[in-house]
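In what follows, a single structure is set out as structure tokens and then discussed.
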Amino acid sequence: MAQEIPVGDLLRPPKRSERLRQRAAWMYFVEEMTQSAIAEELGVGRVTVVRMLAEAKALGEVRIALSRGGAELGGLEAALCSRHGFSEAIVAPLSSATADPTAPIGAALGDHVSALLANDMKIGLGWGRTLNKSLEYLRERSLKGLSVVSLVGGVTRFASDNPVEFPSAFAHAFNADCYLIPAPVLVDSPATKAALIERCGLGAVYDFARTLDAVVVSVGSLGNEATLARFALVGEAQRKVLREYGGVGEMLCNVFDREGRIVDHPLNQRVMSVPIEAVRAAPIRVLAAGGAHKQAAIAGAIRLLKPTTFITDVATARRLTEQK
């Protein structure tokens, strides 16, 4: 909260009016719902929503932490840690089970990473819509000696979640040095990949990435909505083949199966990314992902990365704690 609150107020359960105001603020500022949609969801008039949003802004209640005190969220976080061995789990609320979780997870991620960063830290970053959304929620400040490393190459067609753009914008927020992999995310052959690393200066970036203090990554599916499909990196025919090989998702464009094993397919030998072994060796490993279409991918990614911190939405958290 932006304002100081007496300890007694922190212990007091929030009134219904406060809970409604906080839910309205979350849906408006994080999930970007219209005021009319919020009014319908909460069962109040649009004028009431306008008033609640104004009060939330005046009280400084528009930050991510405002709605994270519910008993269900805390119970889900504890259950996730117990079941999957996370040191920490953060569950973002949703206005409904069918809401897009990208913005809420991105908001929670931005808040968490802002608190995580410190002087002289080396942090490696993945790519995707969820990570890109976190940029809006970073608490910008200048940190001495902070180094940001992109864990994967770029794409030729510019977009807001281009992997090159995300680490650059992240580094700018904290006045940090930024190390990129100036190569396509997929090259034509393992020989080209080896040449770029060994003869074109990328080896220094790869070596630097082996000493990371923390990594922040997300996970993609192999469906039509996946990053691989949106950037036309891997066509539907090849994604079908990857699924036949057992692939359920990708991390840094490395395709893996349900057990978190990298699939034995030639595509994985052409990915310009920091080796998964190096990513997994970082002491702090943050995985941020959610959505029903990613359920199998998220389960596999948890086994692959063994994250220390997992950030997701409430609907995904329920599925992960209920699945056999």
Side-chain angles (χ1 to χ4, degrees), residues 1-5 30 60 62-66 68-69 74 77 80-81 84-92 104-128 130-152 161 163-181 204-219 251-252 273-289 301-302 305-312:
M1 293 290 191
Q3 61 182 37
E4 293 185 3
I5 303 176
V30 178
V62 297
R63 286 181 51 192
I64 181 67
L66 65 90
R68 296 205 61 256
E77 290 167 350
L80 285 170
C81 291
H84 297 283
F86 309 134
S87 298
E88 180 179 22
I90 299 172
V91 177
I105 296 173
L109 175 63
D111 186 73
H112 175 74
V113 173
S114 295
L116 170 70
L117 294 177
N119 293 333
D120 301 315
M121 182 180 251
K122 299 178 182 178
I123 184 168
L125 302 177
W127 71 341
T130 301
L131 301 194
N132 198 64
K133 194 66 179 176
S134 71
L135 292 172
E136 301 176 28
Y137 302 92
L138 295 176
R139 299 198 293 275
E140 298 186 15
R141 63 190 188 278
S142 183
L143 291 172
K144 295 180 180 179
L146 177 66
S147 298
V148 174
V149 185
S150 176
L151 298 174
V152 65
D161 52 357
V164 172
E165 295 301 313
F166 172 65
S168 299
F170 188 100
H172 180 74
F174 299 101
N175 194 30
D177 293 331
C178 187
Y179 297 82
L180 302 175
I181 298 178
V205 178
Y206 275 59
D207 290 340
F208 189 82
R210 290 186 173 88
T211 62
L212 294 172
D213 299 302
V215 294
V216 178
V217 298
S218 190
V219 59
M251 181 181 294
L252 306 177
S273 74
V274 170
I276 294 296
E277 294 77 14
V279 176
R280 201 161 42 202
I284 299 172
R285 302 175 298 282
V286 180
L287 174 63
I302 289 172
L305 182 66
K306 301 187 186 313
T308 55
T309 299
F310 179 56
I311 303 176
T312 192

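These numbers come from a predicted model, not from an experiment. For this chain, numbers begin at 1 and follow the sequence in order.
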Taking only residues two or more places apart in sequence or in another chain, which ones pass salt bridge (charged side-chain N to carboxylate O under 4.0 Å, His left out) with [X]?
X	result
K133	E32, E136
R280	none
D177	none

Expected output: side-chain [X] to main-chain [Y] donor-acceptor under 3.5 Å:
X	Y	answer
S87	T309	no
T312	V91	no
T308	R285	yes

Residue pair [X] / [Y]: nearest heavy atoms and the distance that separates them:
X	Y	result
S150	V274	O-CG2, 4.4 Å
S218	M251	O-CG, 3.9 Å
F166	S134	CE1-OG, 3.9 Å
A301	L287	CB-CD2, 4.1 Å
L212	V149	CD2-CG2, 3.9 Å
L125	P167	CD1-CA, 3.8 Å

Report summary line: Across all chains, not counting sequence neighbours, the ring pair (Phe, Tyr, Trp, His ring centres under 6.0 Å) partners of H84 are F86
Do [X] and [Y] have side-chain heavy atoms sitting under 4.5 Å apart?
X	Y	result
C178	H172	no
F174	E140	no
I311	T130	no
I123	D213	no
L252	V279	yes
Y137	D111	no

Report task. Report the C-alpha separation of T211 and K122 in whole Å, then their side-chain angles, then the decisive distance to 0.1 Å, and conclude whether the side chain to side chain contact (heavy atoms under 4.5 Å, CB included) test is met. Result -> CA-CA 8 Å; T211 62; K122 299 178 182 178; 3.1 Å; yes
Report task. Return the set of residues passing side chain to side chain donor-acceptor pair (under 3.5 Å) with S273 (not counting sequence neighbours), or none when no residue passes. Result -> N254
Report task. Test L180 against V205 for side chain to side chain contact (heavy atoms under 4.5 Å, CB included), laying out the working first. Result -> CA-CA 7 Å; L180 302 175; V205 178; over 6 Å; no
Requested in this report: Evaluate the side chain to side chain contact (heavy atoms under 4.5 Å, CB included) criterion for residues V215 and L151: first the C-alpha distance (whole Å), next the side-chain angles of each, then the deciding distance (0.1 Å), finally the verdict.
Outcome: CA-CA 9 Å; V215 294; L151 298 174; 4.2 Å; yes
Which donor-acceptor pairs under 3.5 Å do the side chains of residues 113-121 make with protein atoms, sequence neighbours left out?
residue: S114; atom: OG; partner: G110; partner atom: O; Å: 2.7
residue: S114; atom: OG; partner: R139; partner atom: N; Å: 2.8
residue: N119; atom: OD1; partner: K144; partner atom: N; Å: 2.9

Query - Interatomic spacing from CG in N132 to CZ in F170 - rounded to 0.5 Å - result: 12.0 Å
